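Below is one structure; the comments refer to it alone.
Throughout, residue positions are numbered sequentially from 1 according to the sequence presented. This is a predicted model, so every value here is computed, not measured.
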Amino acid sequence: MEILNKLKNQVIISVQAMKGEPLYEEAAINAMMKSVINGGAKGLRLAGERDIKNAKHFFNVPVIGLTKPDKLPENWKSVVYITPALKEIKEVINAGADIVARDATQRMRPKESLEEIIKYIKISNRLAMADISTLEEGIKARELGFDIISTTLSGYTQNSVNNNDEPDFQLLEQLVKKLDCPVFLEGRIWEPNQVDKAFDLGAYSVVIGSAVTRPQLITKRFIERG
């Protein structure tokens, strides 16, 4: 509960870069983590053992940990790739993450079931965060024992088509009404007023990524305006 209390009504920043991108370098990621914490971020969402370990060593904020492949598969909308199996779950836990984020969508899983994953996270005394894309997935994840439900994958799966650049406020509102656990809003958050709206709708925390830590995507929005 102490970890969750630190994150209530707070902004968490997802500091991530894909392998091969300029900001993937260790010094660059560390600098971004320090910068966003200096700016007021109360938590970090990080991918990979290296960055999770560095965050726990240098900073005193809750860390949401996950893994991603070095390169997204071509069929990324139809496969599980965020902390997909027990091997990756163990990697994230051993690195020191306080919260383990895991794809909890209805897509086909490579190995262990969600039940097995949840059991291991609980035994390891970590909080389990479900990245979902639909209301049904959120309800199912909570029934399985996930501590946190996040809208992370809304619009990024075959079951959740989204044709606009807005956060999924409708899904957030539905989850808040249906569930008895913290619900995080994540995905397509670009403006401060969207953060205000999320908290007005009952979001426990808001996770922001690209709008802060992906300069190539921020630049692209300006170049491809209108």
Side-chain angles (χ1 to χ4, degrees), residues 11-59 61-85 87-89 91-103 105 107 110 129 131 133 150-157 160 162 164-167 184-191 194-195 206-225:
V11 169
I12 300 162
I13 300 296
S14 178
V15 181
Q16 297 180 37
M18 297 295 291
K19 199 167 186 176
E21 294 178 353
L23 292 181
Y24 179 79
E25 296 298 325
E26 186 171 0
I29 292 287
N30 287 346
M32 282 200 293
M33 288 193 284
K34 184 175 181 179
S35 294
V36 301
I37 290 172
N38 287 345
K42 299 303 182 184
L44 297 168
R45 179 174 163 113
L46 306 170
E49 184 177 10
R50 181 196 73 180
D51 297 340
I52 295 168
K53 282 184 175 180
N54 283 338
K56 294 304 296 181
H57 178 72
F58 292 115
F59 311 112
V61 297
V63 171
I64 301 169
L66 60 132
T67 67
K68 283 183 178 178
D70 291 340
K71 183 179 179 181
L72 292 185
E74 291 184 5
N75 60 335
W76 57 271
K77 278 198 171 186
S78 59
V79 298
V80 168
Y81 60 86
I82 295 177
T83 332
K87 174 181 177 292
E88 288 80 15
I89 294 288
E91 183 180 306
V92 167
I93 290 172
N94 291 338
D98 303 290
I99 301 170
V100 180
R102 210 269 183 202
D103 184 318
T105 65
R107 295 179 290 187
M129 178 174 175
D131 290 342
S133 66
S150 178
T151 64
T152 311
L153 293 170
S154 172
Y156 300 103
T157 68
S160 61
N162 189 304
N164 61 52
D165 200 30
E166 290 285 311
F184 289 11
L185 179 70
E186 180 174 4
R188 300 182 298 279
I189 302 164
W190 291 95
E191 305 291 341
Q194 293 173 331
V195 177
V206 174
V207 182
I208 304 171
S210 297
V212 176
T213 59
R214 303 301 295 275
Q216 72 272 31
L217 297 181
I218 299 168
T219 303
K220 190 175 181 181
R221 286 173 64 87
F222 285 100
I223 299 302
E224 298 181 356
R225 63 198 181 281

Short side-chain to backbone donor-acceptor contact, T157 and S133, under 3.5 Å:
no
Tell me, with the steps shown, if K220 and Q216 meet side chain to side chain contact (heavy atoms under 4.5 Å, CB included).
CA-CA 6 Å; K220 190 175 181 181; Q216 72 272 31; over 6 Å; no
Is there a donor-acceptor pair closer than 3.5 Å between any side-chain N or O of R107 and the backbone N or O of W76?
yes
Note: L66 and A101 closest approach over all heavy atoms is CB-O, 3.9 Å
Hey, what do you get for CD1 (I37) to CD1 (I13), rounding to the nearest 0.5 Å?
10.0 Å
Once you round to the nearest 0.5 Å, how far does CG of D131 lie from OH of Y156?
12.0 Å
As an exercise, state the distance from CE of M33 to CZ of F58, rounded to the nearest 0.5 Å.
8.0 Å
Quick one, I64 with I12, criterion side chain to side chain contact (heavy atoms under 4.5 Å, CB included). Give me CA distance, side-chain angles, the key distance, then yes/no.
CA-CA 9 Å; I64 301 169; I12 300 162; 4.1 Å; yes
Is any side-chain heavy atom of V15 closer than 4.5 Å to one of D51?
no
So CD1 of I93 and OG1 of T83: to nearest 0.5 Å the spacing works out to 10.0 Å
Is a side-chain N or O of R188 found less than 3.5 angstrom from the main chain of D165, in a donor-acceptor match?
no
Closest contact, heavy atoms only, D98 versus V61:
OD2-O, 4.1 Å
Test your reading of the model: is there a side-chain donor-acceptor pair from R225 to the backbone of F222, 3.5 Å cut-off?
yes
In Å and rounded to the nearest 0.5 Å, what is the NZ to CG distance from K19 to D70?
4.5 Å
On a heavy-atom basis, which atom in I52 and which in G65 lie closest, and how many Å separate them?
CD1-CA, 3.7 Å
So do the side chains of T67 and P84 get within less than 4.5 Å of each other, counting heavy atoms only?
yes
Backbone N/O of S210 and side chain of T213: donor-acceptor pair under 3.5 Å
no
About how many Å separate OG of S150 and CD1 of I99, when rounded to the nearest 0.5 Å?
10.5 Å
I'd like to know if R102 and E88 make a salt bridge, using a cut-off of under 4.0 Å between side-chain N and carboxylate O.
no
Flag if over 12 foreign heavy atoms under 6.0 Å of CD, E74
no
Are K42 and V11 packed together at the side-chain level, in the sense that at least one heavy-atom pair is separated by less than 4.5 angstrom?
no
So M129 and F184, side chain to side chain contact (heavy atoms under 4.5 Å, CB included) or not? Walk me through it.
CA-CA 9 Å; M129 178 174 175; F184 289 11; 3.8 Å; yes
For a side chain to side chain contact (heavy atoms under 4.5 Å, CB included) check, start with the C-alpha distance between I29 and N54, then their side-chain angles and the critical distance, and finish with the verdict.
CA-CA 9 Å; I29 292 287; N54 283 338; over 6 Å; no
Side chain of T151, backbone of E186: donor and acceptor closer than 3.5 Å?
yes
Mark yes or no for whether S160, through its side chain, and G155, through its backbone, hold a donor-acceptor pair below 3.5 Å.
yes
Side chains of P167 and W190, heavy atoms from C-beta outward: is any pair under 4.5 Å?
no
